[in-house]
Amino acid sequence: MRLWKDFVRGLWGENPTFRLLIGLCPTLAVTTSAINGMSMGLATAFVLLCSSALISLLKNVIPAKVRIPAYIIVIATFVTIVDLVMNAYMPDLHQVLGLFIPLIVVNCIVLGRAEAFASKNSVIASAFDGLGMGLGFTWALTLLGAIREVFGAGSIFGYSFVAEGATTLGIMALPPGAFITLGILLAVMNMIAARQKKKTS
Amino acid sequence: MVVVLAVIAMVSAGILSVVYGTTSVIIEENAARALESSVYDVLPSATRVDIIRRSPDEHGVDDPKEMREQEQRTTLIYQGINEQDQVIGYAFVGEANGYGGVIRVLVGVDEASDQILNIKVLEHTETPGLGSRIEDESFRNRFVGKTIEDPIAINQDIDNISGATVSSRAVADAVRKGFVETSSLYRGGE
């Protein structure tokens, strides 16, 4: 039950993108299509899961004074592994996500979870927390990417549903589209949260 | 404290060197295969592709530093060969700076007529939705049939994409520069 709570928290109540508003750089930059958003989310989720579990495992070995550099080395190692493996086995995807994969190292969600959760909790709890946060990040990015792809390119997960050469809302594929979509989504999320609160109280 | 950090860093370096060792081979193969398959795109009737290296000064150089420099100046030309073992055309890579970074274009040229058969944008970081339209067939087709005698320049014989003048110009520059560079090497060496 407790583990389930650790897992679900990242998906909704403390969703990094929609509730905590952290890790917004990749959120805004790579969500030009649903598949890009999902891949970035899954890459981050993998790093979160592995680094949270390992940091939790090492929490008694790492002295408090050097914990931040130690965490960063652990995180950077997993990110580099993701980067290399993706480049080798998914070159097309790697070309699109390119620069943003190494930047997972400085994604504050990853270090944030290491510092706030993994360094104080058991390995299993940390793994569930990392997975929950990662998947929460993934669905947020996928939704954002899907909306931008539908309006910006007239397709969903690469399957086009408009006529060839049809005019689409190009702005949705550009950075302003990311801000507009995120703003609207945040408003909707706040509305739902406010309604839930009213019901419970 | 220092020891712990050093041990973590060492373990990390060890793991990464293993991962790098196994993946780097595949990464290089992927890159080479991707480029080769692109050559077939711009030389549709080729069944086999040969790589020719042409450097501006191909005398025996022994000094390793000079050899490296020469390697960098070497232009790779891809020769398309058909089933009858005849050379049907050649392909080369041209580069120019676009709006968001370097644009690399692969150009296929017909052996007999010296006309461009097709071009393909290999690499670009242009604005999605605007500059990225340089990848579209309708734009790439504007280069088909051009020869080394043509200006291959925006507003002269190539129409630009509205809203993406810089990207369009960069592609034209890349095609022209690559054409001029390799044409002299290719034709000169025959």
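To find a chain, count down the sequence lines: A is the first, B the second, and so on, and within it residues start at 1.
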query = Looking just at side-chain N and O atoms, do Ser38(B) and Asp41(B) make a donor-acceptor pair shorter than 3.5 Å?
reply = no

note = Nearest heavy-atom approach of Ile73(A) to Leu5(B) is CD1-CD1, 4.2 Å

message = Can you confirm whether the side chains of Ser52(A) and Ser126(A) place a donor and an acceptor under 3.5 Å from each other?
response = no

task = Anything in residues 187-197 of chain A with a heavy-atom distance to chain B below 4.5 Å? Please list those residues in order.
result = none

task = Evaluate the criterion salt bridge (Lys or Arg N to Asp or Glu O under 4.0 Å) for residue pair Arg104(B) and Glu95(B); output intermediate values, then yes/no.
result = CA-CA 5 Å; Arg104(B) 291 179 68 226; Glu95(B) 281 183 7; 3.4 Å; yes

Tyr71(A) side chain reached by Glu115(A) side chain, heavy atoms, under 4.5 Å = yes

key: Between Val11(B), Val7(B), Val4(B), the one whose heavy-atom pairs under 4.5 Å with chain A are most numerous   = Val4(B)

task = Determine whether Ile116(B) and Thr147(B) make a side-chain contact, defined as any pair of heavy atoms from C-beta on separated by less than 4.5 Å.
result = no

remark   = With chain A, the option among Ser12(B), Ala9(B), Ala34(B), Ser24(B) that has the most non-hydrogen atom pairs under 4.5 Å is Ser12(B)

Throw together a table of side-chain donor-acceptor distances under 3.5 angstrom for residues 134-148 of chain A, partners on residues two or more places apart or in other chains.
unit_1, atom_1, unit_2, atom_2, d
Thr138(A), OG1, Gly41(A), O, 3.1
Thr138(A), OG1, Gly134(A), O, 2.7
Trp139(A), NE1, Leu11(A), O, 3.0
Thr142(A), OG1, Thr138(A), O, 2.6
Arg148(A), NE, Met172(A), O, 2.7
Arg148(A), NH1, Leu28(A), O, 3.3
Arg148(A), NH1, Thr31(A), O, 3.2
Arg148(A), NH1, Thr31(A), OG1, 2.9
Arg148(A), NH2, Met172(A), O, 3.3
Arg148(A), NH2, Ala173(A), O, 3.1
Arg148(A), NH2, Leu174(A), O, 3.1

ask   = Between CG of Leu43(B) and NZ of Lys120(B), what distance do you get to the nearest 0.5 Å?
value = 12.0 Å

inquiry  = Quick check on Ile15(B) against chain A: is it the side chain, the backbone, both or neither that has a heavy atom closer than 4.5 Å?
reply    = side chain

inquiry  = Please rank Val25(B), Ile27(B), Thr22(B), Asp136(B) by heavy-atom pairs under 4.5 Å with chain A and give me the top one.
reply    = Ile27(B)

inquiry  = If we define contacts as heavy-atom pairs under 4.5 Å, which of Ile171(A), Ile81(A), Thr77(A) has the most with chain B?
reply    = Thr77(A)

